[in-house]
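One is the number of the first residue; the rest follow in order along the sequence. First listed ligand is number 1; within each ligand, the first listed atom is number 1.
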Amino acid sequence: MPPTDLKNNPALQAPKRSKPLFQPGTSENQALVIFVLGGPGAGKGTQCANIVRDYGFKHLSAGDLLREEQDRKGSEFGDMIKDYIKEGQIVPMEVTIQLLENAMTSTIDKNGNRKFLIDGFPRKMDQAVAFEEKVVRSKFTLFFDCPEETMRERLLDRGKTSGRADDNEESIKKRFRTFVETSMPVVEMFEKEGRVVKCDARKSPEEVYQGVRQEFEKEGIKPSGQ
Ligand code: C5P
Ligand code: MG
């Protein structure tokens, strides 16, 4: 990837902060964040939709936000994002963190929802550290554990209709490699801190969700209306 000078880009100059934008929680000046990680095709998006329906979280997919920005007319980052996604590499964190922060503040302003499932993030150590320093410390990371062969089958199947530029054999191989080399160390770091909740993602979506609900209960996260 060509080097990018994002540090001095005026669109990404988040104000310098001595503490995170939010404290963890759901009151004023707070936000509750659960990171959702797992290899490509582990079923993160599918499970997030269930959690949104039953627990009232707002789903923010880093990949979706990047694709949206890529397609936004006049975006100065569009071409760069496109190249990174095609190569299965991680877009420089300044862009992704800014997109997430903007989405969080606009959700809070719009409807007061302060509970966020941040899907497909942090995929790299620097993103994890910077987000927790600048935006908010996450409550925990929900990790969907799935063997590569299962994920590969799911992605190729999804590729028949997803229209995604990276749901093909060649990109999938690169995405797996990035996941193992760059994203797993993040999961391992959080695991050492005792902040990972693991779900077996090999089974059917319904069975996987059953596991998610049990884990949420253990963590004291209640369905909406309870
Ligand atoms: O999560 P999803 O599979 O939609 O991500 C697609 C691509 O978006 C990744 O392969 C990567 O190129 C980019 N991405 C990123 N940083 C993230 C999430 C996604 O660079 N935190
Ligand atoms: Mg996804």
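- Of the protein's non-hydrogen atoms, the one nearest atom 4 (O) of ligand 1 is Arg67 NH2, 2.9 Å.
- For Gln127, the closest heavy-atom approach to ligand 1 falls below 4.0 Å.
- Annotation: atom 13 (C) of ligand 1 to nearest protein heavy atom, Leu66 CD1, 3.8 Å.
- A pairwise comparison of heavy atoms in Thr26 and Lys115 identifies CG2-CG, 3.8 Å as the closest pair.
- Salt-bridge formation is detected for the pair Arg67/Asp64: a Lys NZ or Arg NE/NH1/NH2 atom is positioned less than 4.0 Å from an Asp or Glu carboxylate oxygen.
- Taking distance alone, with nitrogen or oxygen atoms compared against 3.5 Å, Ser61 stays at or beyond that limit from ligand 1.
- Pairing each heavy atom of Cys199 with each of Leu142, the nearest pair is SG-CD1, 3.9 Å.
- Ligand 1 has an N or O atom lying under 3.5 Å from an N or O atom of Gly120, backbone or side chain.
- In this structure, Asp145 contributes its side chain and Lys198 its backbone to no donor-acceptor pair below 3.5 Å.
- Classification of Glu68 and Arg72 as a salt-bridged pair fails, no side-chain N sitting under 4.0 Å from a carboxylate O.
- Close approach to Ile90 involves these atoms of ligand 1, each under 4.0 Å from a residue heavy atom: 16 (N), 20 (O).
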So Ile108 and Phe22, side-chain contact (heavy atoms from CB on, under 4.5 Å) or not? Walk me through it. CA-CA 12 Å; Ile108 292 172; Phe22 302 109; 3.7 Å; yes

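- Close contacts of ligand 1 with Arg175, meaning ligand atoms under 4.0 Å from a residue heavy atom, involve 3 (O).
- Among all heavy-atom pairs drawn from Arg114 and Ser27, the shortest one is CD-O, 3.3 Å.
- Scanning all protein heavy atoms for the shortest distance to atom 20 (O) of ligand 1 gives Val91 N, 2.6 Å.
- Counting atoms of ligand 1 from 1 in the listed order, those under 4.0 Å from a heavy atom of Phe121 are 21 (N).
- Regarding atom 2 (P) of ligand 1, its nearest protein heavy-atom neighbour is Arg123 NH2, 3.5 Å.
- Considering only non-hydrogen protein atoms, atom 7 (C) of ligand 1 sits nearest to Ile85 CG1, 4.0 Å.
- The distance between the ring centers of Phe131 and Phe35 falls below 6.0 angstrom.
- Inter-residue side-chain proximity for Leu66 and Tyr84 is flagged as unmet; no heavy-atom pair is nearer than 4.5 Å.
- In terms of N/O distances under 3.5 Å, ligand 1 is not approached by Gly88.
- The shortest heavy-atom contact between Phe176 and Arg152 is CZ-N, 3.8 Å.
- No N or O atom of Lys44 sits closer than 3.5 Å to an N or O atom of ligand 1.
- Protein heavy atom in closest approach to atom 12 (O) of ligand 1: Gln89 O, 2.6 Å.
- At a 3.5 angstrom cut-off on N or O pairs, Arg164 counts as close to ligand 1.
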